[in-house]
There are 4 protein chains.
Amino acid sequence: MDSPSDARSRILDAAEELFAGGGYDATPTARIAAVAGVPKGLVFHYFPRKIDVLVSLVDERTLVTEEDPEPGDPARALSTLARRLPLTASPSMRRILFREADTHRSVKDRIHGLNSELIRRARFALELALPGGRGDAARLEAAAATFAAVLLYQESIAHLTGHTIDADVVADLIATALFG
Amino acid sequence: MDSPSDARSRILDAAEELFAGGGYDATPTARIAAVAGVPKGLVFHYFPRKIDVLVSLVDERTLVTEEDPEPGDPARALSTLARRLPLTASPSMRRILFREADTHRSVKDRIHGLNSELIRRARFALELALPGGRGDAARLEAAAATFAAVLLYQESIAHLTGHTIDADVVADLIATALFG
Amino acid sequence: MDSPSDARSRILDAAEELFAGGGYDATPTARIAAVAGVPKGLVFHYFPRKIDVLVSLVDERTLVTEEDPEPGDPARALSTLARRLPLTASPSMRRILFREADTHRSVKDRIHGLNSELIRRARFALELALPGGRGDAARLEAAAATFAAVLLYQESIAHLTGHTIDADVVADLIATALFG
Amino acid sequence: MDSPSDARSRILDAAEELFAGGGYDATPTARIAAVAGVPKGLVFHYFPRKIDVLVSLVDERTLVTEEDPEPGDPARALSTLARRLPLTASPSMRRILFREADTHRSVKDRIHGLNSELIRRARFALELALPGGRGDAARLEAAAATFAAVLLYQESIAHLTGHTIDADVVADLIATALFG
DNA sequence: AATGAATGAGGATTCATTCAT
DNA sequence: GATGAATGAATCCTCATTCAT
């Protein structure tokens, strides 16, 4: 009834749900199999080691996309960046990304890539708006890094503190600081 | 030879080191005992359940301090906040705090308290500088939350991305945004 | 592309190599298939149970040949026996024979047959040289068994100890002992 | 009730019996525990890895003893060697030694040591009887190696073929061959 | 005949926790 | 208090074997 890759997908679905919920270490492979509705052995058929489930999840279900923003109003450019995060990933995948950063190199690498791309784009958006590179490089760098941090951790902040940050207002704030 | 509390301290020292390094789940109590140089049984003598080691660590080795800033220049007030984080905790304890936020309620509560206090103080510092509460409440809130986020996650950012953020420059940025 | 029996042969080739190397128990059927370059299912197509691979190997790739020696000089007759072992089997098959003697009856039976034939021929060669069955039967029996043991285990001895035994010298020794 | 090392001994007893019977690979640790009458976990308390059971068995329950034979009649000296094997080991340990030679280096090393000592002593016994080193060195070497092989493999031969070899007769044979 | 996904029993190993001394 | 042997549930993983296609 199932297509061959159907079971594999269901395993990844289950793992995504469970890793996001209880964490990698706290999730037995048997639990993954049960939630996926497949026999225990099939998990190891597709993923020889448990860690391969996590690695495959990150490999296949998060994607850091590189794209340059349009020139224009810096506050709007940052807002757009916030809305179109250069990360194709479900909310659960984003939680997994941060929680399991120390579980396997590939996870940390993906976060690193994401943060770099966020900073790169924020910096680029701000530079486009600056006439002729005027202004303080350190302040621009800090502004880009700050905005990246807000975007990167907004999910985590919300999860840990219940506090949400409005990225649009932060974008406006940063634009104001740099461009008056 | 050792005083009783000496062994207890050494156990907590070892746990702090190991939890920060490999995480709570990945650290066997036997390893804690070995690193602490005490017999395995003694760990359970002082901490009946493994989770008690983590809880005690957070209870005894992180402290969210409440204190109001002096009125004055907002940028300097924020910088001071950055330098005197309302958290008495070693770098490893800070890493444990974030990594194990989902391991036990008490950890998440501590982070929550820390974030609240950070926001409260940042807000207070900015309000003191604002003549009579003038200005946009939403922007002030976002500014406080942003600064708190930068402080809260700077360690994590550095660990995950190798990128450091200069809190002083961010303080200056935020002050500029709000006060021109 | 391959003829059916081609695949079957390659499976046996692979099994021979792997059983000789790591032993029967330590060799997964999947490994046999991989080394043979055939899909896993095909192994079970030809050999319904894993043990059938071993049994077929012994059945088809070892052969205890029965043949009577020429009458003549006993030392030369024994030397000839050493050189023309009544066992048609590659070195790997010989190692498998001894290592897996307890894995399946058919293996032990084959060794038993080989040993019996070795003793029978050694005895026969010595009897031919003895005028009219003179001499001590027990000594003749021990001589035959000793020579058989040397031949049977020379491979094993070399493998385990690095020590080689020159069968010709042993043949001469035994002839000297019996015939002066 | 049990002395601390009592359980450990019972585990080794059980392992000795089971390894001799069915072989190392075919013996689950759970079976060892059951036969020893101890809980599964205790096996791993004393022997972190299954292979450590085998290694400990060989280390502690086989001993290759070095001792020089008395000068005298060579046939009797060899017979004495046969009766006082330079190996302190139960029959089961001897079977384990040969069967598991390829399972772990330490086993093969022990056999190697045993074989060397057997050859050394047989050679020594024969040299003592030879007036002034007269005679062919190659024949003496082959004689010693042959006798060592008979002693080394008599147990294995009996097990595999049901045929027993009388070491005394072989000793006599060899003495006759060398000394007439 | 050929294939590889599917299955699940079994097995090594880990580890928190207990407890007698 | 202090200790390390004892316990067994839980977990990852292996692998022979089946079976639909």
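No hydrogens, no waters, no symmetry mates; every other heavy atom, side chains included, goes into these values.
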Enquirer: Locate the shortest heavy-atom distance separating A:I111 from A:L97; write the atom from each residue and the value.
Expert: CD1-O, 3.0 Å
Enquirer: On DNA chain E, compare the nucleotides closest to B:A26 and B:G41; which residue's is nearer the 5' end?
Expert: B:A26
Enquirer: Using the ring centroid of each side chain, check whether D:Y153 and D:F98 are separated by less than 6.0 Å.
Expert: yes
Enquirer: Reckon C:T29 has a side-chain N or O less than 4.0 Å from the OP1 or OP2 of F:dA16?
Expert: yes
Enquirer: Between D:R49 and E:dT14, is there a side-chain N or O to OP1/OP2 distance below 4.0 Å?
Expert: yes
Enquirer: Where the side chain of A:K50 is defined as all heavy atoms beyond and including C-beta, which of E:dG4, F:dT18, F:dC12 is the nearest nucleotide?
Expert: F:dC12
Enquirer: To the nearest Å, how far apart are A:R8 CZ and E:dG4 P?
Expert: 17 Å
Enquirer: Using the side-chain heavy atoms of C:H45, tell me which of these nucleotides is nearest: F:dG4, E:dA2, E:dA16.
Expert: E:dA2
Enquirer: Hey, is the main chain of A:A20 close enough, under 3.5 Å, to the side chain of A:R99 for a donor-acceptor pair?
Expert: yes
Enquirer: So which nucleotide from E:dA6, E:dA12, E:dT7 ends up closest to the side chain of A:Y46?
Expert: E:dA6
Enquirer: Mind calculating the distance between CG (A:L42) and P (F:dT18) to the nearest angstrom?
Expert: 18 Å
Enquirer: In whole angstroms, how far is the C1' atom of F:dT17 from the CD1 atom of C:I51?
Expert: 15 Å
Enquirer: Mapping C:Y24 and D:G37 onto DNA chain F by nearest heavy atom, which one lands closer to the 5' end?
Expert: D:G37
Enquirer: Output the rounded distance in Å from NZ (B:K40) to P (E:dT14).
Expert: 12 Å
Enquirer: Using the closest heavy atom to pick a nucleotide of DNA chain F for each, name whichever of A:T27 or C:A30 lands nearer the 5' end.
Expert: A:T27
Enquirer: Looking only at side chains, do D:S90 and D:E16 share a donor and an acceptor under 3.5 Å apart?
Expert: yes
Enquirer: Return the value, rounded to whole Å, for the distance between atom CZ of B:F47 and atom P of F:dG1.
Expert: 12 Å
Enquirer: From the set F:dG4, F:dC15, E:dA12, return the single nucleotide nearest to any side-chain atom of C:P28.
Expert: F:dC15
Enquirer: Which whole-number value in Å describes the distance from C:I11 CD1 to E:dA2 P?
Expert: 9 Å
Enquirer: Answer yes or no for D:K50 and D:F44: cation-pi contact, defined as NZ/CZ to six-membered ring centre under 6.0 Å and angle to ring axis within 45°.
Expert: no
Enquirer: Nearest whole Å is fine: how far is F:dA10 P from B:D25 CG?
Expert: 16 Å
Enquirer: Between B:F44 (CZ) and F:dG1 (P), how many Å, whole number?
Expert: 17 Å
